[in-house]
Amino acid sequence: MRILMALILAATPMLPAAAQWPAPDPRPSFHFAPERNWMNDPNGLVFFEGEYHLFYQYNPHGDRWGHMSWGHAVSRDLLSWEHLPIAIPETEVMAFSGSAVIDWKNTSGFGRNGKPPMVAIYTGFDPVTKNQSQFVAYSTDRGRTFSRHGKVLDIGSAEFRDPKVFWHAPTQRWVMVVVKASEKKAAFYSSRDLKQWQHESDFGPTASSTSVNWECPDLFELPVANGKPGEKRWVLAVSQGDKGPDNGSGGQYFVGAFDGKAFTLEPGWEDTPHWQDLGADFYASQSWSEVPDGRRIWIGWATDLRYAHAIPTTPARGLMTLPRTLTLRREGADWRLAQAPVRELESRRGALTQLEDLTLGETPVPLKLGESLDMQLAIDPQLASQVALSLTDAQGYTLLIGYTPATREVFIDRTRAGPHVHDAFPDRNIAALPPGDGPITLRLVVDRSIVELFAADGTRVITDRFFRGGGALSWSAHALGGRARIQSLRAWPIEPAVLPGR
């Protein structure tokens with residue numbers, strides 16, 4: 001990402017005079033954004049003493065990429081976030097992406113007075129030599145301040161970054177997965193103390209590795225939701241800088257086995273891209289460690305590298321997706337990573353709006369819904385060629401969210417959703433559902449300028465940002481080519497986050 005980001009910043013388009021933004025787009029109500037300035041990758045996700053920690057790539061000095069440091073926020077419910085001071089500032093090296101662990105056994109020796117340290121492992125980027133190497137810092141006060149231990153792993157590369165570290169209980173060692181980015185390889189290292197690291201193996205590149213690079217790896221074990229009792233598999237996730245689902249940035253995942261040294265693909269794995277998200281705006285995904293109830297929860301940076309610098313928001317530029325709970329499912333001979341909004345979202349729901357048996361034709365039917373909501377709906381397409389919800393602003397710009405029965409594709413179409421942002425921004429992102437016919441069910445999470453669409457039990461997800469021309473947003477529904485029916489629609493407004501001390 002770092003090389004690509006430097007290139008795209010040099011190619012910022014000028015907006016046409018007729019499409020100047022009248023005002024910054026409204027800040028989302030319940031998705032995380034910094035109070036101001038630039039933000040990118042989530043980092044160091046860990047739960048400790050009642051708090052979910054969200055560290056993130058942050059520029060303290062402006063709303064463009066640069067001076068990378070670790071910003072910091074904490075939450076007790078994954079929705080209401082308390083902003084904290086910068087955790088790991090830039091020094092002679094920038095603090096690039098990485099992870100954090102709780103060293104319960106104090107293998108590192110960083111703990112004090114019988115309390116385990118929080119240890120951050122991150123990439124240090126030297127802007128003079130361009131070298132990327134892995135550094136360690138630690139905290140003994142719940143992540144409020146960090147002391148630097150220093151460099152722990154250096155292979156003399158300018159493309160060696162984004163370490164994800166976790167404790168591997170069967171081998172009683174720490175494991176690091178870190179990318180050799182331009183080689184499109186995930187490298188595995190082991191350590192007894194988080195300081196001395198031994199190379200174990202590499203994975204990749206694969207036949208589906210056609211992008212410019214790999215970044216931001218993650219590795220975790222999941223139960224097979226529709227498998228035998230106790231059946232589990234390991235999931236390796238990587239982000240890639242280009243050639244994603246809509247030809248921009250995106251993320252793949254691989255399913256297989258991991259023995260503490262090497263990752264091997266599931267027998268019969270079809271090496272075509274298995275996308276984490278089929279929209280334009282899900283990148284640099286990372287999962288939390290130490291979640292007390294055993295859930296695997298991850299979050300992504302809601303943008304595309306092609307236009308991350310151009311989105312019309314201020315004083316903050318950068319947004320995270322909603323945290324999502326992950327499960328793994330078999331789908332015939334294939335495998336699917338399933339995602340769902342964390343259950344904590346339900347506690348933030350307001351008064352229910354419910355509709356039943358709503359007939360649709362070509363004339364739009366107004367729907368009285370809000371701009372920040374959680375929606376579940378069942379659609380019977382009947383004879384229609386397309387069924388869609390429209391989200392329209394006061395200037396007539398419209399975002400479409402819908403279903404095409406003939407191809408069994410759900411879609412988000414933002415080709416006419418707002419003024420010009422970037423040449424790569426107008427697009428129509430689709431997700432093909434499993435074979436079948438008849439009604440479908442969808443879940444939509446919408447928050448002013450972001451839509452997260454979950455279909456087929458969360459095995460198909462589309463995440464897209466959109467930016468209105470101005471004024472309030474209004475909803476309607478329609479069908480093309482024949483009648484259709486919304487069997488049921490249930491929508492709840494999501495109350496804004498209440499930050500501590502505010």
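Keep in mind that the numbers below use all heavy atoms, side chains included, and drop hydrogens, waters and symmetry copies.
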For this session: Verify salt bridge (Lys or Arg N to Asp or Glu O under 4.0 Å) between Asp141 and Arg144, making sure each step is shown before the conclusion.
Result: CA-CA 6 Å; Asp141 59 359; Arg144 268 51 181 183; over 6 Å; no
Exercise. Would you call Glu266 and Lys232 a salt bridge, taking side-chain N to carboxylate O under 4.0 Å as the test?
Worked result: no
Exercise. Does a sphere of radius 6.0 Å around NZ in Lys195 hold more than 12 heavy atoms from other residues, nucleotides or ligands, not counting ones at 6.0 Å or beyond?
Worked result: yes
Distance-only donor-acceptor hits, side chain of residues 115-123, under 3.5 Å, sequence neighbours excluded:
{"unit_1": "Tyr122", "atom_1": "OH", "unit_2": "Arg148", "atom_2": "NH1", "d": "2.7"}
{"unit_1": "Thr123", "atom_1": "OG1", "unit_2": "Gln134", "atom_2": "OE1", "d": "2.7"}
{"unit_1": "Thr123", "atom_1": "OG1", "unit_2": "Asp162", "atom_2": "N", "d": "2.8"}

Problem set entry | Set of residues satisfying side chain to side chain donor-acceptor pair (under 3.5 Å) with respect to Ser99, sequence neighbours excluded | none
Exercise. With a cut-off of 6.0 Å (strictly less than), are more than 12 heavy atoms of other residues, nucleotides or ligands near CD of Glu221?
Worked result: yes
For this session: Measure from NZ or CZ of Arg161 to the centre of the six-membered ring of Phe96, then state whether that distance is under 6.0 Å and the direction lies within 45° of the axis.
Result: no
Exercise. So, Phe258 versus His168, ring centres under 6.0 angstrom or not?
Worked result: yes
Exercise. Are any of the side-chain nitrogens in Glu371 or Arg468 under 4.0 Å away from the carboxylate oxygens of its partner?
Worked result: yes
For this session: Mind running side-chain contact (heavy atoms from CB on, under 4.5 Å) on Ile450 and Thr463 for me, showing each step along the way?
Result: CA-CA 7 Å; Ile450 183 172; Thr463 302; 4.2 Å; yes
Exercise. Which of parallel (below 30°), tilted (30 to 60°) and perpendicular (above 60°) describes Phe425 and Phe467?
Worked result: tilted
Seminar exercise, completed: With sequence neighbours left out, the residues meeting side-chain contact (heavy atoms from CB on, under 4.5 Å) with Pro127 are Phe125
Problem set entry | Residues Lys184, Asp202; criterion salt bridge (Lys or Arg N to Asp or Glu O under 4.0 Å); working and verdict | CA-CA 10 Å; Lys184 288 162 280 191; Asp202 290 347; over 6 Å; no
For this session: Apply ring-ring contact (aromatic ring centres under 6.0 Å, His included) to Trp275 and list each qualifying residue two or more places apart in sequence or on a separate chain.
Result: none
Seminar exercise, completed: Which of His53, His72, Gln57 passes side chain to side chain donor-acceptor pair (under 3.5 Å) with Asn43? Answer is Gln57
Problem set entry | Any residue meeting ring-ring contact (aromatic ring centres under 6.0 Å, His included) with Phe454, in chain and number order, not counting sequence neighbours | none
For this session: Examine distances only and state if a side-chain atom of Lys243 and a backbone atom of Thr210 form a donor-acceptor pair shorter than 3.5 Å.
Result: yes
Problem set entry | Carboxylate-amine/guanidinium proximity below 4.0 Å for Asp374 and Arg443 | yes
For this session: Output all residues satisfying ring-ring contact (aromatic ring centres under 6.0 Å, His included) with His274, sequence neighbours left out; order by chain, then residue number.
Result: Tyr253, Trp269
Problem set entry | Donor-acceptor pair between Trp301 and Gln286 side chains, under 3.5 angstrom | no
